[in-house]
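Here the structure is laid out as structure tokens; the discussion comes afterwards.
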Amino acid sequence: MSLDNYNDYDNDDDRPKTPLEEDCCASGCTPCVFDVHKALLRQWENRKTRMKVKTPDNLLSLLSYKAFVITDISDASEDYFLMTLEYPECKIENNVGLHLTPGQYVMLHSWSKSRPYTPITWTYRSLVFLIKLYKHGEFSLLLKNALIGSTIDIRGPYGDFTYEINSFRQIVMFSIGSGIAALYPVAKAIVNDETELTRIHLIAGFRSAAHLPLRKELTHLANYWNFKCTLQLSQLNDKIINLHGFNINGGRLSKALVADYLQSNDTETTLILICGTSEFNQSMKEWLKDMNYTYIHIFE
């Protein structure tokens, strides 16, 4: 996990604050505040021997929750919706704002429950989340039916993905379902950088075109020379074969299909990014190992 957030340290000696027992919500969330504290202590002890670099003050905290207000909830596609959360302007101090790295996630906490979600976009005080609505998913149902103006607690950000500009010739991204939430902001950041020469191919698996969220956002990225998007639809409908801005293929992602998508790529200059269910992630890891790909990052 990435813990480059200095506003969780005591002012007197910069030592990470020890969480109180009540800071743990006891809902089994990962990472727990006590796990984060242990990691921060290790970093603090290592940093004592070298010069510290000042980073901007982050509105978010790794160890404690901040209350954000729900300002919008809107449908993104079948079974998916977008939720916008904002931190009250009046509570923001000078030189403090949201600082995240594309692909990082945060913990949302409410109704005595906590779940990890990856923001797809953010400003200095607001975040937008893509959320999959599960029929028997208690937390997603509570979020979908939450009242505008009510609050959700957030802590973070977490995640250890780092990327250097032009460090790979191409990046191939594989996602299924809501896993696209982790990959979209990474692709957007790379495409929006005019100095980037890296080509991106996003292969996103969904049940059908009706379940495709972020259609407008992905279509916008497809207008750039170095971005390509392929939809892998398990239920292919002939009516959407010519969906603008996307390549459309039928069937579920398999080892043979993954090999086909990667056949023209060099294993030494290609980065593979993966985000999906734990079963999907594990299968992808095994398949890519058999194909001799070593530069792989799985968002879990």
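No hydrogens, no waters, no symmetry mates; every other heavy atom, side chains included, goes into these values.
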Open item on the list: Is the shortest side-chain heavy-atom distance between Q232 and L257 below 4.5 Å?
Closed with: yes
Check whether any side-chain heavy atom of Y184 sits under 4.5 Å from a side-chain heavy atom of L221, and report yes or no.
yes
Taking NZ, NE, NH1 and NH2 as the nitrogens, is one of them in K255 or D290 under 4.0 Å from a carboxylate oxygen of the other? yes
Sorted by chain and number, sequence neighbours left out, ring pair (Phe, Tyr, Trp, His ring centres under 6.0 Å) with F280 holds for none
**Asked** Checking S126 side chain against E86 main chain: does a donor-acceptor pair fall under 3.5 Å?
**Response** no
**Prompt:** Passes side-chain contact (heavy atoms from CB on, under 4.5 Å), L288 versus V258? Steps please.
**Reply:** CA-CA 8 Å; L288 292 168; V258 170; 4.2 Å; yes
- Task: Consider only side-chain heavy atoms of I, L, V, M, F, W and Y, link residues closer than 4.5 Å, and tell whether L82 and Y134 are in one cluster.
- Result: no
R155 side chain near H109 side chain, heavy-atom distance below 4.5 Å: no
Q: State whether the number of non-hydrogen atoms from other residues, nucleotides or ligands found under 6.0 Å of E286 atom CD is greater than 12.
A: yes
Ignoring hydrogens and angles, tell me if any N or O in the side chain of N145 forms a donor-acceptor pair with the backbone of L141 under 3.5 Å. yes
Between M83 and the options V128, I131, L127, L130, the side chain to side chain contact (heavy atoms under 4.5 Å, CB included) test singles out I131
Problem - Pairwise side-chain contact, K285 with N281, heavy-atom cut-off 4.5 Å (strictly under) - result: no
Can you list the steps and then say if D266 with Y293 is a side-chain hydrogen bond (donor to acceptor under 3.5 Å, both in side chains)? CA-CA 9 Å; D266 176 45; Y293 281 90; over 6 Å; no
Note to self: Using the rule that Ile, Leu, Val, Met, Phe, Trp and Tyr join whenever any side-chain heavy atoms are under 4.5 Å apart, tell me whether F168 and L273 fall into a single cluster.
What the structure shows: yes
In short, P119 meets L100 closest at the heavy-atom pair CG-CD2, 3.6 Å
The side-chain contact (heavy atoms from CB on, under 4.5 Å) partners of S283 (sequence neighbours excluded) come to W287
Indicate yes or no for a side-chain donor-acceptor contact from R125 to the backbone of Y87 under 3.5 Å, with no hydrogens or angles considered.
-> yes
Looking at T270, is its backbone amide N or carbonyl O close enough to the side chain of N265 to form a donor-acceptor pair, meaning the two atoms are under 3.5 Å apart? no
When you check the gap from the basic side-chain N to the acidic O, do K144 and D79 get nearer than 4.0 Å? no
Please determine whether residues F206 and I120 belong to a single hydrophobic cluster, defined as Ile, Leu, Val, Met, Phe, Trp and Tyr linked transitively by side-chain heavy-atom distances below 4.5 Å. yes
Q. Can you find a heavy atom in the side chain of I73 that is under 4.5 Å from one in the side chain of I148?
A. yes
State plainly whether one hydrophobic cluster holds both I190 and Y295, where clusters connect Ile, Leu, Val, Met, Phe, Trp and Tyr through side-chain heavy atoms under 4.5 angstrom apart.
yes
Residue set satisfying ring pair (Phe, Tyr, Trp, His ring centres under 6.0 Å) with Y80, at least two apart, ordered chain then number -> none
Next item on the list: Tell me, yes or no, whether the heavy-atom count around E93 atom CD, taken from other residues, nucleotides or ligands under 6.0 Å, exceeds 12.
Entry: no
Check your understanding: Relative to the ring of Y163, is the ring of F161 parallel (under 30°), tilted (30 to 60°) or perpendicular (over 60°)?
Key -> parallel
Here the pair of heavy atoms bringing V106 nearest to G156 is CG1-CA, 4.4 Å
Under the side-chain contact (heavy atoms from CB on, under 4.5 Å) rule, what do W225 and R199 come out as? Steps first, then yes or no, please.
CA-CA 8 Å; W225 68 272; R199 292 180 178 271; 3.7 Å; yes
Item to complete: With side-chain contact (heavy atoms from CB on, under 4.5 Å) as the test, would you mind laying out the steps for I152 and S150 before giving the verdict?
Response: CA-CA 7 Å; I152 301 286; S150 58; 5.8 Å; no
Closest heavy-atom pair, G97 versus H99, reported as atoms and distance to 0.1 Å, is O-CD2, 3.2 Å
Of all heavy-atom pairs linking P157 and N58, the shortest is CD-ND2, 3.9 Å
For a quick check under 3.5 Å, do S114 and Y65 share a side-chain donor-acceptor pair by atom type?
yes
**Message:** We want to know whether E300 and S278 form a side-chain donor-acceptor pair, criterion being a heavy-atom distance below 3.5 angstrom.
**Reply:** no
Any donor-acceptor pair under 3.5 Å from E196 side chain to D193 backbone
no
Self-check item: D72 (side chain) donor-acceptor with T84 (main chain) under 3.5 angstrom
Solution: no
Centroid-centroid distance, Y105 to Y117, less than 6.0 Å
no
Count I, L, V, M, F, W, Y as connected when their side-chain heavy atoms are under 4.5 Å apart, and connections chain through other members. Are L271 and I203 then in the same cluster? no
| query | Does I200 reach the side chain of Y224, with side-chain heavy atoms less than 4.5 Å apart? | reply | no
Within the structure provided, determine whether L218 and F246 are in side-chain contact (heavy-atom separation under 4.5 Å). yes
The reported gap from NE2 in H211 to OG in S234 (rounded to nearest 0.5 angstrom) is 8.5 Å
D75 side chain vs F81 backbone, donor-acceptor pair below 3.5 Å = no
Any side-chain to backbone donor/acceptor pair from R207 onto L212? Under 3.5 Å, distance only.
no
Sequence neighbours excluded, the answer for salt bridge (charged side-chain N to carboxylate O under 4.0 Å, His left out) partners of E78 is none
* Would a distance-only check, ignoring hydrogens and angles, find a side-chain to backbone donor-acceptor pair under 3.5 Å from K66 to L59? -> yes
CD of E268 to CG of N292, rounded to nearest 0.5 Å, is 9.5 Å
So SG of C275 and CD1 of I298: to nearest 0.5 Å the spacing works out to 9.5 Å
Residues S175 and L202: closest non-hydrogen pair is OG-CD1, 4.3 Å
Sequence neighbours excluded, the answer for ring pair (Phe, Tyr, Trp, His ring centres under 6.0 Å) partners of Y124 is none
Discussion item. Between Y158 and T118, do the side chains contain a donor N or O and an acceptor N or O under 3.5 Å apart?
Written reply: no
P102 meets the side-chain contact (heavy atoms from CB on, under 4.5 Å) criterion, sequence neighbours left out, with W122, P185, V186, A189
The reported gap from CE in M173 to CD1 in I272 (rounded to nearest 0.5 angstrom) is 10.5 Å
To the nearest 0.5 Å, atom CG of N247 lies from atom SG of C229 at 8.0 Å
| query | Would you find a donor on one side and an acceptor on the other, under 3.5 Å apart, between the side chain of Q170 and the backbone of T269? | reply | yes
In this structure, NE2 of H201 is separated from CG of N226 (nearest 0.5 Å) by 13.0 Å
| said: Can you confirm whether T277 sits close enough to I176 that some side-chain heavy atom of one is under 4.5 Å from a side-chain heavy atom of the other? | reply: yes
Subject >> Derivation and outcome, side-chain contact (heavy atoms from CB on, under 4.5 Å), residues L60 and I154 >> reply: CA-CA 8 Å; L60 294 173; I154 300 179; 3.8 Å; yes
